[in-house]
There are 2 protein chains.
Amino acid sequence: MGTTQLESVQEPKYWHLKTVLSEALDSDFAVGEILPNERELAARFGVARATLRQALEQLELEGRLQRRRGVGTTVAPPRVGVAVSTAQRDWSGGGAVEAWQPVDCTTAVAPSSVTSVLDVEADEPVHIVRRIRVTHGQTVAAELLYVPSSSVPELSAIEAPSGPARARGVLRELHRLGLDGQDRSVELGSARADDAKELDRLPGAPVLVVTTRYLAAGGTAALSVATYRADTCRLTFGDSGDLEISHHDQERRAS
Amino acid sequence: MGTTQLESVQEPKYWHLKTVLSEALDSDFAVGEILPNERELAARFGVARATLRQALEQLELEGRLQRRRGVGTTVAPPRVGVAVSTAQRDWSGGGAVEAWQPVDCTTAVAPSSVTSVLDVEADEPVHIVRRIRVTHGQTVAAELLYVPSSSVPELSAIEAPSGPARARGVLRELHRLGLDGQDRSVELGSARADDAKELDRLPGAPVLVVTTRYLAAGGTAALSVATYRADTCRLTFGDSGDLEISHHDQERRAS
DNA sequence: TAGTGGTCTAGACCACCCT
DNA sequence: GGGTGGTCTAGACCACTAA
């Protein structure tokens, strides 16, 4: 029997649906426009709502759509480029348009995975600074910055023991310390409940976790774990400006 | 009427399930071990299979699990750190343990998003080199490297017009050109069908898309779009070695 | 051929936002 | 209160893998 294969080898419905929707987004919708609701879209395409949702989830993951409970599904703007490598050493975070804003600061025992990197005892409390990063009026990242007491020896105990004021104090001392360099890694994660709240997303939302180790005087001065909204952010590295290419356009290349 | 709120504010089942499973993975399972199948797990936890799958999907996204159709669900090893910033300029890709392997090379018209970055006419064909990156015996990334003819003027037309040999020729010429620097960006995407095949994943699998612009002589010499497996990879930047911290451990910190 | 994960359905109810 | 997306169910069938 001949094995002449049909052209299409059983492409899943949701995958095909995603392609169709993607093209429709390009041609028929403007950024910010509201799509028909899920029940109507499902009916229009003749699929179950769950199947349609699978396609929408993919498009949201790729930054093409934005869905908000109680509101609707809208066409997302292109991802914003967020610089990661440079200008991070300015601990003050003041003045710049894109800045980290200190939210809180506590002193507590860090997870063992953190203490081992920081070269401190597992049960030794460290300063934990909470910051958020705001770009174009939107919170794009939430960070936990772990700072051993030894890195900020001159931090006055008289200052506010917690809160934003304390956070600024720790950052100021860290700034005075100076830095020799930094190590960074990026991986995919899902937002914890507290991060999700800051980022205005549901828990479990996909995030890019940027882990940075700040080096000073031959040791690790601080460790930062920053979670960026994966749906709206494109992390940029290097000296030059923005790279204006979107993965989405990539997908339409000839194969 | 009193509004005394219950302690637990309606945590979704799949979220709680994910937590329970995550803890079980830490205590009761070894890396590589096979979990009970989905139908049994669902029954054991008293939920529908779809609900269980939602939890498993999250855990897979976080790199804790690996699922393969027809085989089963296994406990994933920790993510491998993959260096991105350095050693990339060695176009030869030979000798190193972690190396890019040329797979193919064609000459075709690139998408407009690519040509605009490369400063070439929209209808001008460019060299498109296909490479894969193999680490520890596993393919962790698939790349498309776009090279304008003007960047490799001395490429002999006599050489193989396509295939791996051609790819090596283009890379060799690019190496001779030298580089002034590079711009990079990282964002979340989903694997196209061809990338998915190289990465041994299903289409739509989450990937980290690394877009690199190589600069030479004041212009853009080449553009690389590399898709890394988001489930198994942690991208590392900077000079020093590995950062041994996992986001997963982060999640258990006191809040 | 048996067993796995992947896809799909047609419902239901809930949490949330807006008016 | 009415409409939205988010969660959940209990099934069914399919594609793939390995024995």
Side-chain angles (χ1 to χ4, degrees), chain A residues 3 5-6 8-19 21 33-61 65-76 190-191 193 196-197 200-206 231, chain B residues 3 5-6 8-19 21 33-61 65-76 190-191 193 196-197 200-206 231:
Chain A
T3 55
Q5 202 146 17
L6 272 319
S8 159
V9 279
Q10 267 292 15
E11 191 176 47
K13 274 190 188 179
Y14 78 91
W15 187 260
H16 180 245
L17 205 51
K18 180 193 138 184
T19 307
L21 284 169
E33 201 171 341
I34 301 182
L35 268 62
N37 71 53
E38 296 183 350
R39 290 162 180 85
E40 182 179 334
L41 278 177
R44 192 179 297 185
F45 287 106
V47 298
R49 192 179 153 215
T51 304
L52 174 84
R53 278 180 60 81
Q54 215 171 338
L56 293 184
E57 264 150 38
Q58 284 256 346
L59 289 170
E60 190 179 31
L61 196 80
L65 291 179
Q66 194 159 348
R67 300 191 289 172
R68 271 181 304 169
R69 171 158 48 178
V71 180
T73 301
T74 57
V75 181
S190 51
K197 194 175 177 184
D200 190 29
R201 301 257 63 198
L202 291 177
D231 55 343
Chain B
T3 55
Q5 201 149 17
L6 272 319
S8 160
V9 279
Q10 267 293 16
E11 192 177 48
K13 274 190 188 177
Y14 79 91
W15 187 259
H16 180 246
L17 205 51
K18 181 193 137 183
T19 307
L21 283 169
E33 202 171 341
I34 300 182
L35 268 62
N37 70 53
E38 296 183 351
R39 289 163 180 85
E40 183 178 333
L41 279 177
R44 191 179 297 184
F45 287 106
V47 298
R49 193 179 152 215
T51 304
L52 174 84
R53 279 179 59 81
Q54 215 172 338
L56 294 184
E57 264 149 39
Q58 284 254 350
L59 290 170
E60 190 179 31
L61 197 79
L65 291 178
Q66 193 159 348
R67 300 190 289 172
R68 274 180 302 168
R69 171 156 50 177
V71 179
T73 301
T74 56
V75 181
S190 51
K197 195 174 177 186
D200 192 27
R201 301 258 62 198
L202 290 178
D231 56 342

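Proteins come first, then strands; the chains are lettered A, B, ... in the order of their sequence lines, and each starts at number 1.
Residue B:Leu202 is classed as a sugar-phosphate contact, given heavy-atom separations below 4.0 Å to backbone atoms only. At a threshold of 4.0 angstrom between heavy atoms, the contacts of A:Arg53 include nucleobase atoms, whether or not backbone atoms are also involved. Among the heavy atoms of the strands lying under 4.0 Å from A:Arg39 is at least one base atom, whether or not backbone atoms are also near.
Here B:Thr73 reaches the OP1 or OP2 of C:dG5: one of its side-chain N or O atoms lies under 4.0 Å away. Contact check, A:Tyr14 against C:dT7: a side-chain N or O comes under 4.0 Å of OP1 or OP2. Between B:Asn37 and the phosphate of C:dG3, there is no side-chain N or O to OP1/OP2 separation shorter than 4.0 Å. Remark: B:Thr51 is in phosphate contact with D:dT9, judged by side-chain N or O atoms under 4.0 Å from OP1 or OP2. For the OP1/OP2 pair of D:dC16 and a distance below 4.0 Å, the side-chain nitrogens and oxygens of B:Arg68 include no atom meeting the criterion.
Side chain of B:Arg67, nearest nucleotide from C:dA10, D:dT7, C:dG6: C:dG6.
In this structure, the NZ atom of B:Lys18 is 16 Å from the C1' atom of D:dG6, given to the nearest Å. When the C1' atom of D:dG6 is taken as reference, atom NE2 of B:His16 falls 19 Å away, rounded to whole Å. If you take CD of A:Glu57 and C1' of C:dT7, they are 13 Å apart, rounded to a whole angstrom. Here the C1' atom of nucleotide D:dG3 and the CD1 atom of A:Ile34 are 12 Å apart, to the nearest Å. Protein atom NZ of A:Lys13 is 12 Å distant from nucleotide atom C1' of D:dC13, rounded to whole Å. Across the protein-nucleic acid pair, B:Trp15 atom CH2 and C:dC14 atom P stand 22 Å apart, rounded to whole Å. Atom C1' of nucleotide C:dG5 and atom CZ of B:Arg201 are separated by 12 Å, given to the nearest angstrom. Distance, A:Leu56 CG to D:dG5 P: 8 Å, rounded to whole Å.
Taking both residues in full, the closest heavy atoms of A:Leu41 and A:Pro36 are given as CD1-O, 3.5 Å, listed atom of the first, atom of the second, then distance. Across all non-hydrogen atoms, the minimal contact from B:Leu52 to B:Glu38 is CD2-O, 3.2 Å. Across B:Trp15 and A:Pro203, no two heavy atoms sit closer than the pair CZ3-C, 3.6 Å.
Within 6.0 Å of CG in B:Asn37 there are more than 12 heavy atoms belonging to other residues, nucleotides or ligands. The number of heavy atoms from other shown groups lying within 6.0 Å of CZ (B:Arg68) does not exceed 12.
Counting distance only, with no hydrogens placed and no angle test, the side-chain atoms of B:Arg49 and the base atoms of C:dG6 include a donor-acceptor pair under 3.5 Å.
Each of A:Ala50 and A:Gly70 was assigned the nucleotide of DNA chain C with the nearest heavy atom; the assignment lying further toward the 5' end belongs to A:Ala50.
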